[in-house]
Amino acid sequence: MSSESVRVRFAPSPTGPLHIGGVRTALFNYLFAKQHGGSFILRIEDTDSSRFVPGAEAYINASLQWLGLKVDEGVEEGGPYGPYKQSERKEIYKKYADMLVDRGWAYYAFDTPEDLEAMRTVAENEKKSFAYDLHSRNDLNNSLSMSADELKECLDKNIPYVIRFKMPENIDVEATDLIRGKVVFNTNTLDDKVLYKSADELPTYHLANIVDDHLMKISHVIRGEEWLPSLPLHVMMYRAFGWSETMPAFAHLPLILKPNGKGKLSKRDGDKEGFPVFPLEYTSPSGEVSAGYRESGYFPEAVNNLLALLGWNSGTEQELFTMDELIKAFSLERVNKSGARFDPDKARWFNQQYLQQKSDSELAALFMPFLKQKGVEADRAYLERVVAMVKDRVHFVSELWEHSFFFFTAPQEYDAKVVQKRWKDEIPAFMEELAGAFESFPTWDAASLKEKASELMQSRGLSFGAVANALRLVLTGGAFGPDLFMIVELLGQKEVVRRLSKAKSLLD
RNA sequence: GGUCCCUUCGUCUAGUGGUUAGGACGCCAGGUUUUCAUCCUGGAAACAGGAGUUCGAUUCUCCUAGGGACUACCA
């Protein structure tokens with residue numbers, strides 16, 4: 001690494017919704033870039049024409065935007081090293097593939113996918129494995145095993161070919177991973193990867209990624225651990241191109257594992273355990289819907305925070321970080337080596353923390369759509385008071401309703417268990433009396449009301465607990481909710497008296 | 001199978017050649033509360049195993065075991 005500025009890229013493939021692991025990769029790239037005053041680049045790697053999914057790119061953009069990961073250079077934003085979509089860089093790659101062929105670092109191969117598949121099957125039947133590598137390439141249908149004339153003939157006839165990297169023999173490739181340290185691979189265990197296919201005139205990931213990272217002056221490649229095995233190939237390619245001097249630094253992030261720890265987190269796990277695996281809800285072209293964090297009620301800042309703590313920690317006991325704090329505190333050195341299991345419970349906890357930090361006004365606004373859905377129209381000031389009272393018992397805005405519905409509508413039914421426990425013989429008559437007392441009570445505030453009620457129950461020889469619980473039952477339909485007399489105050493004289501008067505029907 | 005990576009409470013993790021191995025989530029108990037939740041206090045809970053180095057290893061080295069990733073004309 002020279003003194004060049006930090007430039008990192010997030011390079012997803014538009015083959016479906018952005019997975020939460022990909023989101024974390026994007027986040028770490030973003031944090032690293034911002035911390036160093038560098039650039040966060042979004043490059044769309046759509047070199048697999050067969051796996052292209054319409055809408056996936058828009059989904060990626062929308063996800064990054066929702067999370068507040070602002071892209072400095074990309075398809076939408078433009079930039080000096082564009083285009084940022086690989087399918088629009090087609091003509092660039094062929095040139096570099098040819099360069100490698102000319103230098104003897106790559107060769108043409110005419111084996112058809114069917115040929116290779118057949119050889120794999122044969123090998124498998126013999127309990128061996130087939131690899132297109134230094135042991136087998138001279139016996140296969142490629143420019144290494146044919147004469148110059150034969151090659152020319154194949155090319156002239158437009159026989160489809162691929163260009164494969166010619167992995168040299170017996171070299172110990174040393175590479176440094178910023179998270180793991182030095183890793184060594186021997187080239188004898190590596191195969192000859194396809195770099196380019198004539199069929200669709202597109203490169204594979206390996207070629208496109210090296211060429212683009214070089215051309216876009218990427219300083220650090222921060223990607224998932226699943227790429228670690230191809231690191232030696234990439235290092236060798238930088239050598240083949242003669243770009244070793246400016247090769248980016250590499251960091252391979254540990255994987256996000258299933259809650260049970262067995263394997264990479266996948267969409268299925270989310271469906272099974274009931275938590276989202278995607279940032280935004282996604283509907284596939286076939287109509288299949290996958291849950292999203294946003295739709296499940298998660299705040300983007302909570303998602304960023306929980307993702308940041310999955311595989312990284314600040315070394316302090318701080319767990320809640322704003323984006324600015326993350327940018328300041330982040331470092332690749334403190335990223336863990338081992339995979340982290342996703343914990344849905346802790347994810348909920350993070351969201352709760354952020355929800356509690358929100359102002360009543362903000363929460364009231366977020367609650368509004370849910371009320372509309374219930375057909376409830378409420379005064380904004382009233383709403384804020386309700387939210388203030390119940391917010392400390394929810395993890396999500398969507399849970400506000402079940403804890404506050406009685407502020408908007410009289411209970412339609414009463415919890416049978418609570419009725420049995422609290423609706424004693426002497427209560428109904430007293431409730432009627434209480435209704436009368438409240439009806440003519442001049443000051444309507446929690447403290448005075450509590451005092452008034454206490455006086456009355458004392459004069460009738462009833463305990464506070466018995467009355468309070470019965471009153472709560474009448475007002476809310478159950479045994480839950482915030483401070484009783486705060487409920488009474490907020491509900492207002494008219495409504496409280498009405499519910500009290502109706503309470504007799506409970507006896508049925 | 002081959003290559004590579006990884007291994008501290010159930011989970012996310014801190015940590016050091018000598019610590020009562022710390023925190024968080026979750027769980028349990030007690031307290032606060034008229035209810036529920038919050039909140040507060042407390043508790044159970046970990047260095048995968050075996051060698052070696054060392055006066056002393058959770059920490060350093062090696063081996064074993066376990067887990068994971070990769071092994072496509074996908075990324």
Side-chain angles (χ1 to χ4, degrees), chain A residues 11-15 22 45-48 50-51 109 111-113 116-117 120 124 127-132 160-164 177 179-180 183-186 188-191 193-200 202-206 208-209 223-232 252 254-255 257 259-264 306 309-320 334 336-350 352 356 390-394 399 403 415 418 421-422 450 463-473 476 478-485:
Chain A
S13 178
T15 53
E45 308 225 330
D46 56 346
T47 53
D48 184 354
S50 68
R51 291 209 310 159
D111 318 85
T112 67
L116 298 171
E117 191 49 47
R120 277 197 188 89
E124 221 167 278
K127 296 232 164 197
K128 286 187 248 171
S129 59
F130 169 78
Y132 209 120
Y161 64 87
V162 297
I163 293 175
R164 283 181 182 270
D177 175 88
I179 292 164
R180 270 154 263 269
V183 285
V184 184
F185 300 78
N186 188 283
N188 286 356
T189 65
L190 272 21
D191 61 351
K193 286 291 182 214
V194 171
L195 302 181
Y196 183 87
K197 329 147 244 173
S198 70
D200 55 9
L202 282 169
T204 63
Y205 169 82
H206 300 295
N209 135 70
R223 75 229 294 199
E225 191 184 334
E226 67 267 30
W227 292 109
L228 195 52
S230 44
L231 180 57
H252 293 88
L255 267 12
L257 273 20
N260 67 15
K262 303 227 181 292
K264 278 200 283 190
L306 75 92
L309 272 287
L310 225 44
W312 171 85
N313 78 86
S314 68
T316 69
E317 288 184 355
Q318 183 177 359
E319 300 231 60
L320 267 16
R334 291 202 66 87
N336 283 300
K337 295 180 177 72
S338 50
R341 299 187 199 189
F342 182 83
D343 183 354
D345 280 328
K346 194 143 187 181
R348 289 167 50 79
W349 177 80
F350 272 110
Q352 182 195 27
Q356 304 310 330
V390 302
K391 71 172 181 182
D392 63 359
R393 50 196 72 205
V394 302
E399 293 171 348
H403 287 95
D415 186 322
V418 182
K421 191 174 172 191
R422 304 295 188 191
K450 183 173 184 179
S463 78
F464 187 86
V467 172
N469 283 301
L471 180 54
R472 176 179 294 281
L473 173 66
T476 70
F480 54 83
D483 181 88
L484 180 58
F485 287 94

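Every chain is numbered from 1 and lettered A, B, ... according to where its sequence line falls, protein lines coming before strand lines. On a predicted model such as this, the values are computed, not experimentally measured, just so you know.
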May I have the distance from K421(A) (atom NZ) to U35(B) (atom P), rounded to whole angstrom?
9 Å
From the options C12(B), U34(B), A75(B), select the nucleotide whose nearest atom is closest to the side chain of A340(A).
C12(B)
Is any side-chain N of the basic residue among D177(A) and R180(A) closer than 4.0 Å to the acidic one's carboxylate O?
yes
With the side chain of D392(A) defined as its heavy atoms from C-beta on, choose the nearest nucleotide among A14(B), U34(B), A37(B).
A37(B)
Expressed as a whole number of Å, how far does the P atom of U58(B) sit from that of G49(B)?
9 Å
Reckon K264(A) touches a base, only the sugar-phosphate, or nothing at all at heavy-atom distances under 4.0 Å?
sugar-phosphate
In Watson-Crick or G-U wobble terms, with both distances under 3.5 Å, the base opposite A51(B) is U61(B)
Which part of the nucleic acid does G224(A) contact within heavy-atom distance under 4.0 Å: base, sugar-phosphate only, or nothing?
nothing
Give the nucleotide from the list A75(B), U34(B), C5(B) with an atom nearest to the side chain of L484(A).
U34(B)
Is N186(A) reaching over with its side chain to a backbone N or O of N188(A), donor-acceptor style, under 3.5 angstrom?
yes
In whole angstrom, what separates L255(A)'s CG from C5(B)'s C1'?
10 Å
Checking C6(B), U34(B), C74(B) against the side chain of K197(A) (C-beta onward), the nearest is C74(B)
Say you pick atom C1' in A48(B) and the same atom in G68(B); how far apart are they, in whole Å?
16 Å
Can you say whether the rings of Y205(A) and W227(A) are parallel (under 30°), tilted (30 to 60°) or perpendicular (over 60°)?
parallel
Look at N209(A) and A75(B) and indicate whether a side-chain polar atom (N or O) is within less than 4.0 Å of OP1 or OP2.
no
What's the OH-P distance between Y161(A) and C73(B), to the nearest Å?
17 Å
Using a 4.0 Å heavy-atom cut-off, does V183(A) contact any base of the nucleic acid, only the sugar-phosphate backbone, or nothing at all?
sugar-phosphate
Closest to the E319(A) side chain, choosing from A24(B), U34(B), U11(B):
A24(B)
Which nucleotide wins on minimum distance to the side chain of F185(A), given the candidates U3(B), U35(B), C70(B)?
U3(B)
Write down the atom of P254(A), the atom of E225(A), and the distance for their closest heavy-atom approach.
CA-OE1, 3.6 Å
Would you mind telling me which residue lines up with the more 5' stretch of RNA chain B, R422(A) or T112(A), judged by nearest nucleotide?
R422(A)
Pick the P atom in A75(B) and in C39(B), then give their distance to the nearest Å.
48 Å
Taking every non-hydrogen atom, the tightest pair across H252(A) and L228(A):
ND1-CD1, 3.4 Å
Under the 3.5 Å rule, do the base of U35(B) and the side chain of R472(A) count as making a donor-acceptor pair?
yes
NA contact type, R223(A), heavy-atom cut-off 4.0 Å: base, sugar-phosphate, or nothing?
nothing
What closest approach, in Å, do P14(A) and D46(A) show between heavy atoms, and which atom pair accounts for it?
CG-CB, 3.7 Å
Could you tell me how far apart D483(A) (CG) and U38(B) (C1') are, to the nearest whole angstrom?
13 Å
Protein-nucleotide distance (R180(A), atom CZ; C4(B), atom P), rounded to Å:
14 Å
Any donor-acceptor pair under 3.5 Å joining the side chain of R51(A) to the base of C74(B)?
yes
Say we look at U64(B) and U71(B): how far apart would their C1' atoms be, to the nearest angstrom?
25 Å
Roughly, in whole Å, what's the span from CG in L306(A) to C1' in U11(B)?
14 Å
Between T47(A) and Y196(A), is a side-chain contact (heavy atoms from CB on, under 4.5 Å) present by the stated rule, with each step listed?
CA-CA 10 Å; T47(A) 53; Y196(A) 183 87; over 6 Å; no
Nearest-nucleotide check on RNA chain B, W349(A) vs P259(A); residue mapping nearer the 5' end is P259(A)
In Watson-Crick or G-U wobble terms, with both distances under 3.5 Å, the base opposite A21(B) is none
Remember a base hit wins even if backbone is also touched, and classify G263(A) as base, sugar-phosphate or nothing at under 4.0 Å, heavy atoms.
sugar-phosphate
Heavy-atom donor-acceptor pair, K346(A) side-chain to A24(B) base, under 3.5 Å
yes
Less than 4.0 angstrom between a side-chain N/O of N469(A) and OP1 or OP2 of U34(B), yes or no?
no
Could you state the atom-to-atom distance from CG of L320(A) to C1' of A24(B) in whole Å?
10 Å
Same-atom distance (C1') from G10(B) to C47(B), integer angstrom:
16 Å
Any strand, both distances under 3.5 Å, Watson-Crick or G-U wobble: A29(B) pairs with U41(B)
Give one of base, sugar-phosphate or nothing for R164(A), where a contact means two heavy atoms less than 4.0 Å apart.
sugar-phosphate
Closest of U34(B), C12(B), C74(B) to the L310(A) side chain is C12(B)
For nucleotides A44(B) and U20(B), find the distance between their C1' atoms and express it as a whole number of Å.
16 Å
Is V184(A) touching bases, backbone alone, or none of the nucleic acid, heavy atoms closer than 4.0 Å?
sugar-phosphate
Quick one: look up who G56(B) pairs with, Watson-Crick or G-U, both distances under 3.5 Å, and put none if it's unpaired.
none
Distance test, side-chain N/O of K193(A) to OP1/OP2 of C73(B), below 4.0 Å
no
Nearest-nucleotide pick for V194(A), side chain only, options being C12(B), C73(B), G26(B):
C73(B)
So, is S338(A) close to the C5(B) phosphate, meaning a side-chain N or O under 4.0 Å from OP1 or OP2?
no
Got a donor-acceptor contact below 3.5 angstrom from the R334(A) side chain to the N313(A) backbone?
yes
Expressed as a whole number of angstroms, how long is the span from D191(A):CG to U3(B):P?
14 Å
C6(B) OP1/OP2 closer than 4.0 Å to side-chain N/O of R341(A)
no
With R472(A) as reference, evaluate L484(A), V467(A), V418(A) under the side chain to side chain contact (heavy atoms under 4.5 Å, CB included) test and give the passing residue.
L484(A)
Tell me which nucleotide among U3(B), U35(B), G68(B) gets nearest to the side chain of A479(A).
U35(B)
In Watson-Crick or G-U wobble terms, both distances under 3.5 Å, what is the partner of A69(B)?
U3(B)
Spacing of the P atoms in C40(B) and G26(B) (rounded, Å)
12 Å
Hey, does K127(A) reach any base, or is it just sugar-phosphate, or nothing, if we go heavy atoms under 4.0 Å?
nothing
On a whole-Å scale, what distance lies between the C1' atoms belonging to G17(B) and C55(B)?
11 Å
OP1 or OP2 of A14(B) versus the side-chain N and O atoms of N336(A): is any pair under 4.0 Å?
yes
Using the side-chain heavy atoms of S129(A), tell me which of these nucleotides is nearest: A75(B), G1(B), A69(B).
G1(B)
Closest heavy-atom pair and its distance - D191(A), A131(A):
CB-CB, 4.4 Å
